[in-house]
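I have placed the structure first, in the form of structure tokens, so that the comments after it can refer back to it.
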Protein chains: 2
Amino acid sequence: MAHTQDMLSITFAALADPTRRAILTRLARGEATVGELGEPFDISAPAISKHLRVLEGAGLIEREVDARWRICRLRAEPMHDAHDWLEAYRRHWEDSLDRLVEFVEQTHRAEAKKPGSGAPRVPRKKP
Amino acid sequence: MAHTQDMLSITFAALADPTRRAILTRLARGEATVGELGEPFDISAPAISKHLRVLEGAGLIEREVDARWRICRLRAEPMHDAHDWLEAYRRHWEDSLDRLVEFVEQTHRAEAKKPGSGAPRVPRKKP
DNA sequence: CTATCGATTAACCAAGTGGTTAATTGACAC
DNA sequence: GTGTCAATTAACCACTTGGTTAATCGATAG
């Protein structure tokens, strides 16, 4: 499986790890060496190395050799594509928000003291 | 590993598969049964079932039982969070675009017929 | 009651992932 | 040259993932 993965899949997969996302967040503040990047995490250097290879494979960082240091910097372009893909669904999550607002307003309008049987399910707008 | 994953990781992981993204795209057009969702793909029904469970686990779909059909519908809220996370990096990919435009303009301005040694690297704006 | 249909569960498999420790490479400082 | 530091590679491990086939479950049609 997972032969020659499409870029979007590789990007999302690279982002699907909290350590890697934290590394990207750090890198957004400016370039850093591998050692600096690994310092906040309680994992071994090789583990960091692997995370960086995944990020590099996804085109999310680039590494430059400086003597015995590798300095890493962010390359955010692949995030642009991921962002665009998600953008297409904006209408759907905004619709959900509309339904929630509508629900809360209705609930407030009818301010009876029903104890409420459970979590407030967002009502479907189904025609 | 991957014990009690944070939601963002679960969301990105669910999106990191082309079949699952295609399913979401289909669902964006309206609800569908499991059979309808699986029809375009050349994989077994259990495989689709697993993909749907991943999507459900990520809160990206919900399933409703209707007699012997399960009808699925999109719940796009988790995408909102993913979108927001990426949004924080917009400046970085726009910066890269700026650098590319700048590079192309410079290249065009100096319209010498240098054969060009390779792919046009985007020049760094390094302060 | 039996057959069938939509869908899921069970059991399995190959490959990938995130981590480890130990060994290796390359550049610098004595 | 020797030692050391930054980082990577190698080899391994447990667990997950995406897929399979076979078996199961629930609802409907005959």
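Order of the sequence lines sets the chain letters (A, B, ...), proteins ahead of strands, with each chain counted from 1.
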Do [X] and [Y] sit within salt-bridge range, that is, some charged N less than 4.0 Å from a carboxylate O?
X       : Y       : answer
B:Arg91 : B:Glu94 : no
B:Arg70 : B:Glu64 : no
B:Arg21 : A:Asp6  : yes

Between [N] atom [atom2] and [X] atom [atom1], what is the distance in whole Å?
X       : N      : atom1 : atom2 : result
B:Asp66 : C:dT8  : CG    : P     : 13 Å
A:Asp17 : D:dT17 : CG    : C1'   : 15 Å
A:Leu15 : C:dG18 : CG    : P     : 12 Å
A:Phe41 : C:dT20 : CZ    : P     : 13 Å
A:Ile43 : C:dT21 : CD1   : C1'   : 15 Å
A:Asp6  : D:dG18 : CG    : C1'   : 15 Å
A:Arg21 : C:dG18 : CZ    : C1'   : 15 Å
B:Leu55 : D:dG18 : CG    : P     : 10 Å

Query raised in the report: Going only through I, L, V, M, F, W and Y residues with side-chain contacts under 4.5 Å, is there a path from B:Phe12 to A:Leu8?
Result: yes
Report task. Consider only side-chain heavy atoms of I, L, V, M, F, W and Y, link residues closer than 4.5 Å, and tell whether A:Leu60 and A:Ile71 are in one cluster. Result -> no
Query raised in the report: Is any side-chain nitrogen or oxygen of A:His51 closer than 4.0 Å to OP1 or OP2 of C:dG19?
Result: yes
Query raised in the report: Think A:Ser44 has a side-chain N or O under 4.0 angstrom from the OP1 or OP2 of C:dG19?
Result: no
Query raised in the report: Got a second to check how far A:Ile61's CD1 is from A:Arg53's CZ, nearest 0.5 Å?
Result: 11.5 Å
Query raised in the report: Just by protein heavy atoms under 4.0 Å, how would nucleotides 1-12 of chain D read 5' to 3' in B, S and -?
Result: ----BSSBB-B-
